[in-house]
Amino acid sequence: MEGKFAGVIINRLALNIDRMFHYSIPDGLLGKIDIGSHVTVPFGNGNKTVDGFVLSLSNHSDFDGTLKEILSVSESGPLFDREMLSVCQFLKQKYFCSYISAVKTVLPPGSGRKNKVSDKLIRGSVLNVPYDEAFDALEKLRDKAPKQCKILELLIQNDFVADSDILFLTGAGYQAIRALKDKGLARQETVEVFRLPIDYESIPRSASPVLTEEQQYAVDRICASVTENQNNTFLLHGVTGSGKTEVFLNCIEKALEIGKTAIVLVPEISLTPQMVTRFAARFGKKIAVLHSALSMGERADEYKRIKSGEARVVVGARSAIFAPLKNIGVIVIDEEHETSYKAENAPTYHAREVADFRAKQHGAAFVLASATPSVESFYQAKQGNYQLISLTRRPTAQNLPTVAVSDMREEIKNGNRSCIGLSLQREIRKNKEQGEQTILFLNRRGFSTFVSCRSCGFVIKCKNCDVSLTYHKAKNSLTCHYCGYTIKKPEVCPNCASSFIKEFGAGTQKVEEELHSLFPDLSVIRMDVDTTSVKSSHRAILEKFDKEKIDILLGTQMVAKGLDFPNVTLVGVLAADQSLFVDDFRAGERTFDLITQVCGRAGRGEKQGRALIQTYMPENSVICQAQEQDYLSFYENEIELRRQLNYPPFCDIISVLLTSPVLNGLLSYAKKLARSIHIVMQKDYDGAFELLGPSETSVTKINGRFRQRIWIKCKMNRKAEDIFARLRSYHINEKNPHINMVIENNPFGAI
DNA sequence: ATTGCCACATCC
DNA sequence: GATGTGGCAATC
């Protein structure tokens with residue numbers, strides 16, 4: 001804590017005060033203020049005070065004017081340290097967010113709010129005299145006051161006993177406790193208890209099972225990095241059920257052994273009790289969990305346990321990457337391809353990139369794990385930047401499910417208009433007869449609708465961008481949301497001239513109705529956003545499916561991942577094509593992943609599993625590769641496409657999104673900006689770049705705001721970062737009263 | 001965001 | 001001249 005001057009970020013969202021303000025530290029506060037301190041300062045005209053966070057300390061200030069003094073500092077000490085400050089700077093630079101939003105993402109849970117999360121305190125008693133005296137008193141009280149005597153015994157045995165426990169265990173009343181206090185034998189105390197999201201008592205500890213040769217090899221490689229403080233990145237590519245989790249657990253064990261800590265990121269959806277239990281069984285109270293289902297109190301308390309060093313392994317969703325651990329030995333990202341690792345609000349960070357940054361700072365091993373790695377990560381592995389480790393076998397001699405494809409064009413030809421084809425109907429029936437369960441997955445992603453031909457499967461795509469054109473009902477037009485290319489919706493299929501050309505879309509409710517009429521004797525349970533709006537019902541539905549042996553579980557994305565029911569032997573993918581043709585260059589990757597994951601839900605028990613993929617385009621390469629469960633072919637194909645069209649990992653894509661409640665002026669401003677960006681890029685950027693748009697977004701209006709987007713494809717580097725930071729300041733200085741700008745680095749999806 | 005300041009309009 | 005309003009710049 002050095003320096004008489006502090007750089008403070010004001011806790012306000014206004015963009016034009018998003019910079020450091022300097023204050024002098026009064027003598028009374030010297031030594032109490034450090035980086036991360038939460039302070040109140042005078043700000044602006046009048047005697048208004050605001051709160052803010054200290055981001056820098058120095059001995060001199062080059063501000064020419066009289067500095068004001070810091071008024072007060074929060075008693076509870078700094079809210080983040082220098083490492084987290086560097087993370088904030090990383091977030092600001094890479095994701096073009098304000099200082100304050102960067103700071104807020106690393107703050108302890110609850111501390112950004114007005115009403116602070118209160119500590120949970122319990123009242124109890126402690127011994128107030130040395131043991132000798134207590135024993136003497138015990139004898140004196142033996143006959144006269146048996147209740148007090150019992151309490152005294154409790155206090156001798158335990159350092160602290162909660163009042164409620166005393167009452168429960170001894171049957172005494174408050175008078176007895178008070179009597180002991182009056183005698184000076186006991187003293188009232190209040191301690192803080194942590195609200196623990198996990199019931200550790202109920203989870204028996206378990207040791208590592210014997211590892212397979214492949215698992216052991218992976219553990220050895222990663223552990224070597226952990227023990228030698230080497231920041232290596234590993235891509236753990238393992239088929240579903242190949243025991244990746246066991247590999248993490250062993251690496252973490254090693255890290256703990258040598259006094260280091262670990263972070264494990266899991267997608268929110270797979271942060272199931274099953275998963276958490278596995279970690280708790282291995283590491284007990286050394287783990288802390290962080291995810292959105294926790295109450296504010298639980299979150300705050302888990303954070304404290306991490307900060308204090310009691311919890312040394314953090315298992316959590318995306319934001320757990322900001323856990324304030326010291327001396328991190330290994331960071332694991334499970335299912336690293338999952339899109340939920342990308343934040344949707346500012347700062348729109350990708351947990352993988354933040355993890356990479358932190359791993360470098362700690363000299364930690366960085367492990368990315370997936371059965372279907374992101375194309376970006378696999379490319380890094382192929383380039384030799386990541387070390388590729390493959391797990392090709394399942395520890396239990398269980399076979400992968402067999403996958404078959406069912407051609408829905410045939411169904412249409414045969415007059416079956418149902419979204420459940422005859423082969424799938426047969427399989428569902430067969431499963432019922434064998435007393436086994438079925439999961440049906442309805443692939444329905446994104447907001448946009450594409451147009452396809454029911455007769456030949458042809459999908460109308462953009463000439464320039466290799467993404468599907470999006471259907472706009474009002475205009476009866478088709479538009480590309482990358483470059484703006486627009487055509488009128490054709491009346492007949494350009495490929496086969498059939499008039500069965502229509503926009504796509506079927507909901508789970510409709511499918512549910514159909515299932516009821518096709519199989520009146522089968523029980524169906526539906527799981528999607530509508531049925532799971534209540535927080536706990538997600539789990540309740542799955543429990544019901546399992547316990548009551550419901551015949552069919554029908555759902556969207558939610559049923560694709562992480563479920564593990566041994567009696568499920570059949571998985572049906574209702575419209576595999578759907579996710580192939582959203583207006584996103586990652587559509588192929590998404591589809592391959594979804595089909596692979598959902599097929600992996602079949603045959604997790606003893607019995608052989610099977611999956612049936614319904615599609616209008618069985619010859620599509622992604623569908624074929626998913627059927628073969630051939631990731632490598634998929635990757636080779638996809639990386640070639642990305643190379644040809646210059647998509648990540650060959651370049652970065654920056655989105656400049658402009659929104660305004662009034663249409664007037666938005667487009668002209670967007671065009672003006674696009675021209676300026678082009679000029680500046682030509683002047684100041686050293687390398688090839690491409691500028692697309694401005695174009696309308698697939699959802700033209702959100703929250704009453706119209707949207708225009710400019711895309712810039714270039715390789716992100718310091719010069720590009722600088723250009724976009726300048727673009728942001730330029731827009732702020734423009735003080736355009738209506739138009740908002742959001743710059744995003746490699747956004748996911750194109751809404 | 002919030003404030004004070006300045007120019008200018010409005011009132012009687 | 002007194003009072004009111006909108007744009008605008010500055011906030012350590």
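Throughout, a chain's letter reflects where its sequence line sits, starting with A, and its residues are numbered from 1.
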>> Could you tell me how far apart A/Leu15 (CG) and B/dT2 (C1') are, to the nearest whole angstrom?
In response: 15 Å

> For the ring pair (Phe, Tyr, Trp, His ring centres under 6.0 Å) test, which of A/Phe80, A/Phe357, A/Tyr349 pairs with A/Phe322?
Replying inline: A/Tyr349

> Which is true for A/Phe43 with a 4.0 Å heavy-atom rule: it touches a base, it touches only sugar-phosphate, or it touches nothing?
Replying inline: base

> Would one find more than 12 heavy atoms of other residues, nucleotides or ligands at under 6.0 Å from atom CG of A/Asn664?
Replying inline: no

> Is the A/Tyr669-A/His731 ring centre distance short of 6.0 angstrom?
Replying inline: yes

> Do the charged groups of A/Asp584 and A/Arg590 touch, with an N to O distance under 4.0 Å?
Replying inline: no

> When the aromatic ring centroids of A/His350 and A/Tyr95 are compared, is their separation below 6.0 Å?
Replying inline: no

>> Exactly one of A/Lys120, A/Arg195, A/Lys307 should register a salt bridge (charged side-chain N to carboxylate O under 4.0 Å, His left out) with A/Asp301. Which one does?
In response: A/Arg195

> Do A/Glu734 and A/Lys672 sit within salt-bridge range, that is, some charged N less than 4.0 Å from a carboxylate O?
Replying inline: yes

Pairs under 3.5 angstrom, nitrogen or oxygen only, protein versus nucleotides 4-6 of chain B, please.
from	atom 1	to	atom 2	distance (Å)
B/dG4	O4'	A/Asn45	ND2	3.3

>> Below 4.0 Å from chain A heavy atoms, what is the first contacting nucleotide of DNA chain C and what is the last?
In response: C/dT11 to C/dC12

> Can you check the A/Leu13 CG to B/dT2 P distance for me, whole Å?
Replying inline: 11 Å

>> Using a 6.0 Å distance limit plus a 45 degree cone around the ring axis, check whether A/Lys92 lies over the aromatic ring of A/Tyr99.
In response: yes

> Touch check for A/Ile17, heavy atoms < 4.0 angstrom, all strands: base, sugar-phosphate only, or nothing?
Replying inline: base

